[in-house]
Asks: 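Mind having a look at this structure? Questions to follow.
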Amino acid sequence: MLDLNRLKALHAVHVYGSVGAAADALMVTPSAVSQQIAKLERETGARLMERNGRGIRLTDAAGLLAEHAERILALVETAEADFEALRGEVVGRLNIGAFPTAARGLMPGALVALRERHPDLWIQLNEREPERIMREVSRGELDLGVIQDWLNRPMAMPDGLSKASLIDDIADAAVPADHPLAGKKELELADMRGNHWISSSPGTICHDWLVFTLRNASIEPVIACMADEYPTQLALVAAGLGCGIVPRLGRDCVPDGVKLIPLRPRLSRRIYAVWRTDAARRPAIRALVDALTQASRTHENAWAVS
């Protein structure tokens, strides 16, 4: 009888390419992964890993077994989801990911509500960038993720995932309070030509989106400062170091030295939850999506009266 934990260790090495990376994904030590695979070698009577320079590589036998392991682990997940659905109980453990703004803006309210309604459900929250969340949900490392994309630059959805829209997060221009544009009731991007910009770090979805959006408006961005958190970006705007485009969910407290101005046409990003379709019947997944939806409505209602 093949042990599921040993198959999971082998599959992780197959997916990530090394024992160390597999250990990080499984949140165990590299030694634990190596021990699981050594035990699997004894169970199967086949050599599964061999030296390759300073590293290791999986043998052909290991590759074949890893492909079977992927199907077996998917069937186990489906069986667990069906069993939870049959019981109808919101119990167990969810490992979830959220990009930084959602982790700060949506997750606290949603998780508190879940804890009050379903005390037997344990949730571990991990802050991640959206692309990484999508990969980890697809691979089964995360049970659910909260991700974003921009309406003018959508993100492709991999096969095997389901999603639920949570909120359309409107982005406004952020300018210093003494800026010549600060008195405007609304702006077009073309009005902001010639300014310095505050941006997220290169390689992040928000940086790439800002550069893409400005260039589509025939503005070549001159980026003066880079900071990944929107409160930091707003502080830099308040200091007069540049302008920014800041989503409403990303601004907890706007400094006195910042003027926020709506943009026309409106810019917004979509925030949604994603999970593996095979796990959709789990009551815990449905309960979490419901809690996130309610937290999103709370923000939308606040924006409507502000």
Side-chain angles (χ1 to χ4, degrees), residues 12 15-16 20-28 92-115 121-150 153 155-158 161-169 171 198-210 225-236 244-253 268-276 279 284-285 287-296 298-299:
V15 169
Y16 295 103
D24 289 341
L26 297 173
M27 293 183 287
V28 298
R93 181 186 184 97
L94 290 179
N95 192 24
I96 66 175
F99 67 95
T101 307
R104 184 178 65 251
L106 291 180
M107 281 300 176
L111 296 183
V112 167
L114 274 175
R115 185 173 60 187
L121 176 64
W122 172 260
I123 294 182
Q124 179 174 311
L125 173 63
N126 308 274
E127 189 175 278
R128 302 275 196 270
E129 282 297 307
E131 295 91 343
R132 181 178 175 184
I133 291 172
M134 194 82 86
R135 291 194 302 270
E136 293 186 352
V137 172
S138 294
R139 292 169 176 169
E141 299 153 38
L142 294 175
D143 297 299
L144 180 142
V146 178
I147 64 174
Q148 60 149 330
D149 64 11
W150 293 86
R153 200 175 191 191
M155 183 186 298
M157 176 70 64
L161 296 187
S162 298
K163 69 177 182 178
S165 295
L166 299 175
I167 193 171
D168 281 348
D169 191 11
I198 312 296
S199 168
S200 301
S201 301
T204 61
I205 188 172
C206 291
H207 171 89
D208 295 346
W209 170 82
L210 179 64
C225 302
M226 290 180 284
D228 290 335
E229 293 292 333
Y230 284 119
T232 307
Q233 292 187 23
L234 288 171
L236 294 168
I245 298 177
V246 180
R248 294 180 182 179
L249 192 62
R251 54 195 205 220
D252 303 325
C253 182
S268 63
R269 60 181 179 174
R270 299 173 298 187
I271 298 175
Y272 48 95
V274 296
W275 61 91
R276 288 181 304 285
I285 294 287
L288 177 53
V289 173
D290 289 344
L292 287 166
T293 300
Q294 185 58 51
S296 300
T298 299
H299 282 282

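Keep in mind that the numbers below use all heavy atoms, side chains included, and drop hydrogens, waters and symmetry copies. In this chain, numbering begins with 1 at the start of the sequence shown.
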Asks: Evaluate Ile147 against Tyr272 for side chain to side chain contact (heavy atoms under 4.5 Å, CB included), listing each step before the verdict.
Replies: CA-CA 6 Å; Ile147 64 174; Tyr272 48 95; 3.4 Å; yes
Asks: Would you say Arg93 and Gln124 are linked by a side-chain donor-acceptor pair, where the criterion is simply a distance under 3.5 Å?
Replies: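 Yes, Arg93 and Gln124 have a side-chain donor paired with an acceptor closer than 3.5 Å.
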Asks: Less than 4.5 Å apart, any side-chain heavy atom of Leu94 and any of Leu121?
Replies: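 Side-chain contact under 4.5 Å: yes.
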Asks: Under a plain distance cut-off of 3.5 Å, with no hydrogens placed, do His207 and Ser201 share a side-chain donor-acceptor pair?
Replies: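 On atom types as modelled, these side chains do not qualify, holding no pair under 3.5 Å.
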Asks: Does any N or O in the side chain of Arg251 come within less than 3.5 Å of the main-chain N or O of Pro231, such that one atom is a donor and the other an acceptor?
Replies: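 Between the backbone of Pro231 and the side chain of Arg251 there is no qualifying donor-acceptor contact (under 3.5 Å).
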Asks: Test Val146 against every option in Leu288, Val289, Leu166 by the side chain to side chain contact (heavy atoms under 4.5 Å, CB included) rule and name the one that passes.
Replies: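 Among the candidates, only Leu166 passes.
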Asks: Only counting residues at least two apart or in another chain, list the ones meeting salt bridge (charged side-chain N to carboxylate O under 4.0 Å, His left out) with Glu136.
Replies: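 Glu136 satisfies salt bridge (charged side-chain N to carboxylate O under 4.0 Å, His left out) with Arg128, Arg132 once adjacent residues are dropped.
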Asks: Output, in order, the C-alpha distance, side-chain angles, deciding distance and verdict of side-chain hydrogen bond (donor to acceptor under 3.5 Å, both in side chains) for Ser268 and Asp168.
Replies: CA-CA 6 Å; Ser268 63; Asp168 281 348; 5.1 Å; no
Asks: Residues in side chain to side chain contact (heavy atoms under 4.5 Å, CB included) with Ala113, at least two apart?
Replies: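 Only Arg117 meet the side chain to side chain contact (heavy atoms under 4.5 Å, CB included) criterion with Ala113.
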Asks: Once salt bridge (charged side-chain N to carboxylate O under 4.0 Å, His left out) is applied, do any residues pair with Glu229, and if so which ones, sequence neighbours excluded?
Replies: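 Salt bridge (charged side-chain N to carboxylate O under 4.0 Å, His left out) check on Glu229 returns Arg104.
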Asks: Got a sec, which residues hit side-chain hydrogen bond (donor to acceptor under 3.5 Å, both in side chains) with Asn95, two or more places apart in sequence or on another chain?
Replies: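 Counting only residues at least two positions away or on another chain, Asn95 forms a side-chain hydrogen bond (donor to acceptor under 3.5 Å, both in side chains) with Asn126.
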Asks: Okay, side chain of Thr204, backbone of Ser200: is any donor-acceptor separation there less than 3.5 Å?
Replies: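 Pair absent, no side-chain N/O of Thr204 close to backbone of Ser200.
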Asks: Not counting sequence neighbours, which residues clear side chain to side chain contact (heavy atoms under 4.5 Å, CB included) with Thr298? List them please.
Replies: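 In terms of side chain to side chain contact (heavy atoms under 4.5 Å, CB included), with neighbours along the sequence ignored, Thr298 is linked to Gln294.
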Asks: Side chains of Leu125 and Leu111: does their closest heavy-atom pair fall under 4.5 Å?
Replies: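 A side-chain contact under 4.5 Å exists here.
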Asks: Kindly write out the residues that satisfy salt bridge (charged side-chain N to carboxylate O under 4.0 Å, His left out) with Asp169, not counting sequence neighbours, or none if the list is empty.
Replies: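 Counting only residues at least two positions away or on another chain, Asp169 forms a salt bridge (charged side-chain N to carboxylate O under 4.0 Å, His left out) with Arg269.
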